[in-house]
Colleague: 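Please find one structure pasted underneath; my questions will follow.
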Amino acid sequence: MLSHKHEIFMEVARLLSFTKASQTLFISQSALSKQVKALEEYYKTGLFERLGNTIILTPAGKLLYDKLLVAKQLQHELYHEFQQLSENFSPQVNMLLGASTTISLYILPPVLSAYLQQNPSVNITLRNRNSENILKALLDHELDLGIVEGISKVSNVTYTPFLTDDVIAVCSARNPLKKQQLEVKDLYDIPLALREHGSGTLAVLEAALEQKNINLRSLPIRIRLGGTEALKNFVRVDTCLAFLPRQAVLKELQTGELVEVTIKDLKVVRSFNFIQRKGTESNFPYKDFIQFTKRHYSKQA
C-alpha cells in the first residue's frame with residue numbers, strides 16, 4: 001500500500017501546485033510541504049524545483065512519479081482482485097471524472113447512483129466543464145477519465161464511443177416560430193441564442209451547418225451563454241431560436257414550456273465519448289466504470 005507521504009507527493013506532482021494539492025487533499029500547505037520534505041530527505045535528493053510561483057519535477061521527482069503511477073495501478077488491481085475473493089475487503093477508492101454540461105446534468109446522475117450502490121467503497125469527484133476544458137484537464141492530469149461531446153484530434157488521447165443524442169432547435173411556447181417549419185436558409189433571418197465557444201453542442205451545430213454551406217458566424221447570433229441551463233432559461237422568455245440537446249429539454253418539451261422547431265434537411269447529432277490518456281485504458285477502476293456505464297445505458301435503449 002502506498003504511504004501517506006507518497007500519496008501527497010503524487011497529488012502535488014499531478015497538479016504541479018502545492019496550493020491546488022492542499023485544496024484537493026484538504027491538508028494545509030505547511031503540512032503538505034512537511035511531508036514532501038520528509039520524502040526528499042528519505043531519498044536524499046530534491047523532488048521539485050521551485051521557479052518563482054511555479055514548480056516542476058526534478059529528474060528524480062519525475063522518476064518517482066512515473067514509478068508510483070505504476071505502483072498505484074498495481075494497488076488498484078490488487079484491491080479489485082481481493083474484492084472478488086472477499087466481500088469484506090472494501091478499501092476506499094477515489095475516482096476523478098470530468099464531463100461536459102449535458103452529460104453531467106442529464107445523463108450521468110442515474111448511472112452514478114447505480115454504480116455507487118454496487119461499489120460503496122468508491123468516492124467519486126465529478127467536474128462539470130465544457131468539452132474543451134475537460135480535454136485540457138485530462139491532458140494536465142487533473143482528471144483520469146473524461147466524457148465529452150465529439151472527438152478532438154489529439155494523438156495521445158483514446159476515444160471510446162458512449163452514446164449519441166440529437167441537437168434540436170427549440171423556442172418559447174409564446175414564440176410565433178413554433179407554428180412554422182423552417183428551411184436552413186431561414187436561419188439568416190432569425191435571432192439565435194447559442195452556447196459559448198468550446199461547447200461540444202456548438203461544435204456539432206457548426207459542423208452540420210458547414211455541410212449546408214452555411215458559416216455560423218454569418219447568422220444573426222444575438223447572445224452566447226455559458227451552460228445549457230442558462231440557455232434554456234433565456235430562450236423560455238425570449239424570441240430567439242436556440243439549439244439544445246434533446247436530453248436536456250425533455251421535461252420542457254413535455255410540459256410545453258419549449259417547443260421543437262423543425263428545420264428541413266438539417267440533422268444535428270452529437271456523439272458522446274469517454275476520453276483517457278493513452279496507456280491508461282486498462283486502469284482500474286475506470287475500465288470497470290466505463291463497462292458498467294455502457295451496460296447501464298444499453299439496457300435503457
Side-chain angles (χ1 to χ4, degrees), residues 99-107 128-136 147-154 159 162-273 275:
S100 54
T101 306
T102 302
I103 302 166
S104 294
L105 293 178
Y106 310 105
I107 294 175
N128 173 13
R129 303 175 183 174
N130 68 32
S131 295
E132 188 177 281
N133 288 328
I134 290 297
L135 176 60
K136 182 179 184 300
I147 311 174
V148 298
E149 302 167 31
I151 295 178
S152 300
K153 295 179 180 178
V154 180
Y159 296 82
F162 175 29
L163 289 174
T164 59
D165 183 31
D166 292 333
V167 175
I168 60 174
V170 296
C171 70
S172 164
R174 299 188 298 274
N175 194 320
L177 285 174
K178 72 175 186 177
K179 298 178 181 179
Q180 300 180 35
Q181 183 180 50
L182 305 179
E183 296 185 10
V184 177
K185 64 181 182 180
D186 294 327
L187 294 176
Y188 286 108
D189 302 313
I190 299 171
L192 301 177
L194 301 177
R195 284 287 305 276
E196 81 286 5
H197 293 290
S199 157
T201 302
L202 182 70
V204 295
L205 173 63
E206 191 167 13
L209 289 172
E210 283 178 359
Q211 291 182 354
K212 300 295 180 181
N213 298 316
I214 292 180
N215 187 322
L216 182 65
R217 296 186 189 89
S218 67
L219 299 181
I221 301 169
R222 183 175 179 185
I223 189 170
R224 292 182 184 269
L225 293 162
T228 301
E229 287 298 312
L231 186 52
K232 279 202 299 186
N233 290 333
F234 178 82
V235 78
R236 276 195 194 104
V237 298
D238 196 81
T239 57
C240 280
L241 186 71
F243 286 86
L244 284 161
R246 186 179 296 279
Q247 289 283 343
V249 294
L250 286 176
K251 290 182 179 178
E252 287 78 10
L253 292 175
Q254 289 171 356
T255 61
E257 291 178 86
L258 294 177
V259 178
E260 181 176 357
V261 178
T262 303
I263 302 177
K264 186 179 179 181
D265 295 330
L266 182 66
K267 181 75 171 174
V268 186
V269 180
R270 300 179 310 165
S271 59
F272 297 132
N273 292 276
I275 57 172

Colleague: Is there side-chain contact between V184 and I263, with heavy atoms separated by less than 4.5 Å?
Modeller: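 The answer is yes, as the side chains (C-beta and beyond) meet within the 4.5 Å cut-off.
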
Colleague: Could you give the distance from CG (N128) to CG (N133), rounded to the nearest 0.5 Å?
Modeller: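 Nearest 0.5 Å value for the CG-CG distance: 10.5 Å.
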
Colleague: Could you list the residues that satisfy salt bridge (charged side-chain N to carboxylate O under 4.0 Å, His left out) with R222, not counting sequence neighbours?
Modeller: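 By the salt bridge (charged side-chain N to carboxylate O under 4.0 Å, His left out) rule, R222 matches D238.
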
Colleague: Working to the nearest 0.5 Å, report the span between CG of N130 and OG of S104.
Modeller: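 Here the interatomic distance stands at 11.0 Å.
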
Colleague: S100 and side-chain contact (heavy atoms from CB on, under 4.5 Å): which partner among R129, E132, E149?
Modeller: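 Exactly one candidate clears the test, E149.
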
Colleague: With rounding to the nearest 0.5 Å, note down the distance linking CD1 in I223 to CG in L194.
Modeller: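 Here the rounded value is 10.0 Å.
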
Colleague: Closer than 3.5 angstrom, by distance alone: can the side chain of N233 be matched with the main-chain N or O of A230 as a donor-acceptor pair?
Modeller: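 No.
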
Colleague: Taking all atoms of both residues into account, what is the closest heavy-atom pair of L225 and L231, and its distance?
Modeller: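 Shortest heavy-atom contact: CD1-CA, 3.7 Å.
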
Colleague: Roughly how far apart are D189 CG and L241 CG, rounded to 0.5 Å?
Modeller: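 Rounded to the nearest 0.5 Å, the CG-CG separation comes out at 12.5 Å.
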
Colleague: Any side-chain heavy atom of L209 sitting closer than 4.5 Å to one from F243?
Modeller: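 No, side chains not in contact.
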
Colleague: Please assess T228 against Y106 for the test side-chain contact (heavy atoms from CB on, under 4.5 Å), listing each intermediate value before the final yes or no.
Modeller: CA-CA 10 Å; T228 301; Y106 310 105; 3.9 Å; yes

Colleague: Applying side-chain contact (heavy atoms from CB on, under 4.5 Å) to L182 and L266, what does each step give before you reach the verdict?
Modeller: CA-CA 10 Å; L182 305 179; L266 182 66; over 6 Å; no

Colleague: Look at the side chain of N175 and the backbone N and O of T239, then say whether any donor-acceptor pair between them is shorter than 3.5 Å.
Modeller: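 A pair under 3.5 Å: yes.
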
Colleague: With heavy-atom distances below 4.5 Å as the criterion, would you say the side chains of L216 and I221 are in contact?
Modeller: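 Yes, at least one pair of side-chain atoms sits under 4.5 Å.
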
Colleague: Let me confirm one number: the OG1-CG distance from T262 to L177, rounded to the nearest 0.5 Å.
Modeller: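 Between atom OG1 of T262 and atom CG of L177 there are 12.0 Å.
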
Colleague: Using side-chain heavy atoms (C-beta onward) and a distance below 4.5 Å, is T101 in contact with T201?
Modeller: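 Answer no - side chains too far apart.
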
Colleague: So, K232 side chain and L258 main chain: donor-acceptor pair closer than 3.5 Å or not?
Modeller: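 No; judged by distance alone, with no hydrogens or angles, the pair does not exist.
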
Colleague: Looking only at heavy atoms, which two atoms of L202 and R195 are closest? And how far apart?
Modeller: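 Minimum heavy-atom contact is CD2-O, 3.7 Å.
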
Colleague: Counting N and O atoms only, with roles assigned by atom type, does the side chain of D166 sit under 3.5 Å from a partner on the main chain of I168, one being a donor and the other an acceptor?
Modeller: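 Judged by distance alone, no pair lies under 3.5 Å.
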
Colleague: The test is side-chain contact (heavy atoms from CB on, under 4.5 Å); show your working for V170 and E252 and say whether it passes.
Modeller: CA-CA 10 Å; V170 296; E252 287 78 10; over 6 Å; no

Colleague: Thinking salt bridges, do E260 and R246 make one under a 4.0 Å N-O criterion?
Modeller: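 Yes, E260 and R246 are salt-bridged.
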
Colleague: Check S172 against V235 and note the closest heavy-atom contact, atom names and distance.
Modeller: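 Scanning both residues completely, I find the closest heavy atoms to be CB-O, 3.3 Å.
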
Colleague: I need the E206 CD to H197 NE2 distance, nearest 0.5 Å.
Modeller: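 The NE2 atom of H197 is 8.5 Å from CD of E206, to the nearest 0.5 Å.
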
Colleague: What is the minimum heavy-atom distance between P245 and T102, and which atoms define it?
Modeller: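 Smallest interatomic distance, heavy atoms only, reads CG-OG1, 3.3 Å.
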
Colleague: Considering the options I147, V148, V154, which one meets the side-chain contact (heavy atoms from CB on, under 4.5 Å) requirement together with I275?
Modeller: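 So, applying the side-chain contact (heavy atoms from CB on, under 4.5 Å) to I275 and each of I147, V148, V154, only V148 qualifies.
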
